[in-house]
Amino acid sequence: MFDTLIIGGGVSGMSCALVLGSAKNKVFVTDKKIGIFTHQKNSSLQEAVFYNAYGITPGKLGSELLFESTQDLAQTYPHIVQIPNEKVIKVEGAFPDFTVTTNKNSYKTKSIVIGIGSANTFDIEGLMQYIEPHKKALPEKQRIQLKNNDHKVAEGIYVIGTLAGWRSQLAIAAGSGAAVATDILTLWNNGVQTHSHDSIR
C-alpha cells in the first residue's frame, strides 16, 4: 500500500516527488511509501528548449531535463519508488483505498496525484467524469482539465500542472506539483501547515 502515487513523470509530477522526497526526515513522513509513474513518452518536454525558466541553463533541452530528473530523483531520494514504462489505464476505489491499474500491474494507494498533461486524449477510466474544457488554453487546441478546487479533485485525488487548469509554462507546472506536495505533507502532519526546505546551515 502506497501512501501516495504520482501519475506522470513530467515537470509537475517530478516536482511533486522531489518535494515529498525532501521531507523524508520529518517524523510524520518517515513511514510513508511514495511512488511515481515515470512514463514520459507523451510529455510536452520532449520537444521543448528552455531560455525563460528560472534556475535552468538557457538552451537546455526538455528531453535532457526529463532524463536527468529521474536520475536526480533516484540519486537524491532513492526511497521514492519509480515505476517506469507503465501507463495508467484505470483508477478505482475511494480515499483511503484506491487501486491504480496499469497496462502491466495494479497498485494500492491511499491518495493519487495526476500530472499527465492536458491533451484531450486523456483516457483513465474512473476519472473521466471530472473532465472539462481547459479554462486557460485556446479553444481550438481542445485542451482539457480535471475539475478541481485548489488542485483537489475529490478526497484523496489531486491534479497538477496543465491538467489542473494552469497555463503551459515550466515554472507554473513545477510550482503546481510542489504546492500539492506541501498539501499532502500538511495532511500527513495532521493538518498543521508545513513545507520542506533544505539549508546550508
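Scanning both residues, Ile34 and Phe2, for their nearest heavy atoms gives C-CD2, 3.7 Å. Nearest heavy atom pair, residue Leu163 against residue Gly117, reads CD1-O, 3.2 Å. Shortest non-hydrogen contact noted between Phe122 and Ile131 is CD2-CD1, 3.6 Å. Taking both residues in full, the closest heavy atoms of Ala181 and Cys16 are given as CB-O, 3.5 Å, listed atom of the first, atom of the second, then distance.
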Go through it in stages, so that I can follow the logic: the residues are Ile6 and Ile80, the test is side chain to side chain contact (heavy atoms under 4.5 Å, CB included), and I'd like the CA-CA distance, side-chain angles, deciding distance and then a yes or no.
CA-CA 10 Å; Ile6 302 163; Ile80 293 188; over 6 Å; no
Can Thr182 and Thr194 be said to form a side chain to side chain contact (heavy atoms under 4.5 Å, CB included), step by step?
CA-CA 6 Å; Thr182 59; Thr194 191; over 6 Å; no
Does the side chain to side chain contact (heavy atoms under 4.5 Å, CB included) test come out yes or no for Ile36 and Ile83, once each step is laid out?
CA-CA 6 Å; Ile36 179 168; Ile83 308 166; over 6 Å; no
Checking side chain to side chain contact (heavy atoms under 4.5 Å, CB included) for the pair Leu20/Ile184: CA distance, chi angles, key distance, verdict?
CA-CA 8 Å; Leu20 288 175; Ile184 292 170; 4.1 Å; yes
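The CE atom of Met14 lies 7.0 Å from the OG1 atom of Thr38; values are rounded to the nearest 0.5 Å. The NE2 atom of His151 sits 15.0 Å away from atom CD1 of Ile157, with the distance rounded to the nearest 0.5 Å. Going from atom NZ of Lys152 over to atom CG of Leu146 covers 15.0 Å, rounded to the nearest 0.5 Å.
Every residue two or more places apart in sequence or in another chain that forms a side chain to side chain donor-acceptor pair (under 3.5 Å) with Ser111 is listed here: Thr4. Under the ring pair (Phe, Tyr, Trp, His ring centres under 6.0 Å) criterion, Tyr158 pairs with no residue, sequence neighbours left out. Remark: Asn103 pairs with Glu86, Lys87 by the side-chain contact (heavy atoms from CB on, under 4.5 Å) rule, at least two apart or across chains. A search for side-chain contact (heavy atoms from CB on, under 4.5 Å) contacts involving Ala23 returns Lys26, Val29, Leu185, Ser196, not counting sequence neighbours. Qualifying salt bridge (charged side-chain N to carboxylate O under 4.0 Å, His left out) partners for Asp97, counting only residues two or more places apart in sequence or in other chains: Lys108. Residues satisfying the salt bridge (charged side-chain N to carboxylate O under 4.0 Å, His left out) test with Asp3, not counting sequence neighbours, are Lys110. Annotation: side-chain contact (heavy atoms from CB on, under 4.5 Å) contacts of Ala119 (sequence neighbours excluded): Thr121, Arg143. Among residues two or more places apart in sequence or in another chain, the ring pair (Phe, Tyr, Trp, His ring centres under 6.0 Å) test is passed with Phe50 by none. Gln193 meets the side chain to side chain donor-acceptor pair (under 3.5 Å) test with no other residue; sequence neighbours excluded. Remark: Glu132 engages Lys135 in a salt bridge (charged side-chain N to carboxylate O under 4.0 Å, His left out) (not counting sequence neighbours). Residues meeting the side chain to side chain donor-acceptor pair (under 3.5 Å) test with Ser15, sequence neighbours left out: none. Take His195 and apply the ring pair (Phe, Tyr, Trp, His ring centres under 6.0 Å) test, not counting sequence neighbours, and it matches His197.
The closest donor-acceptor contact from the side chain of Glu64 to the backbone of Leu61 lies under 3.5 Å. For Asn148 (side chain) and Val159 (main-chain N/O), no donor-acceptor pair under 3.5 Å exists by modelled atom type. Listed for the Thr57 side chain is no donor-acceptor partner under 3.5 Å among the backbone atoms of Lys60. Between the Asn189 side chain and the Val192 main chain, a donor and an acceptor come within less than 3.5 Å of each other. In this structure, the side chain of Thr76 does not engage the main chain of Leu73 through any donor-acceptor pair within 3.5 Å. Ser176 contributes no side-chain N or O that, together with a main-chain N or O of Ile172, makes up a donor-acceptor pair within less than 3.5 Å.
By the 30° and 60° cut-offs, the orientation of the rings of Phe37 relative to Tyr107 is perpendicular.
In this structure, the side chains of Asn85 and Lys104 come closer than 4.5 Å at one or more pairs of heavy atoms. Looking at heavy atoms from C-beta onward, Asp123 lies out of side-chain contact with Ile89 at the 4.5 angstrom threshold. The closest side-chain heavy-atom distance from Thr70 to Gln82 is below 4.5 Å. Proximity of Phe98 to Val91: side-chain heavy atoms (C-beta onward) are separated by under 4.5 Å at one or more points. Annotation: side chain of Tyr130 is not in contact with side chain of Gln145 (no heavy-atom distance under 4.5 Å). Residues Glu92 and Thr101 are in side-chain contact: their nearest non-hydrogen atoms beyond the backbone lie under 4.5 Å apart.
Follow the hydrophobic side-chain contacts under 4.5 Å out from Met128 and you reach Ile7 in the same cluster. Hydrophobic cluster membership differs between Trp166 and Ile160, with clusters built from Ile, Leu, Val, Met, Phe, Trp and Tyr side chains linked at under 4.5 angstrom. Under the 4.5 Å side-chain contact rule for hydrophobic residues, Tyr51 and Ile56 do not share a cluster. Residues Ile112 and Phe95 share a hydrophobic cluster, clusters being chains of Ile/Leu/Val/Met/Phe/Trp/Tyr side chains in contact below 4.5 Å.
Atom CH2 of Trp188 has more than 12 neighbouring heavy atoms from other residues, nucleotides or ligands inside a 6.0 Å radius. A 6.0 Å sphere centred on CD of Gln129 holds more than 12 heavy atoms belonging to other residues, nucleotides or ligands.
No side-chain donor-acceptor contact under 3.5 Å links His134 and Thr162.
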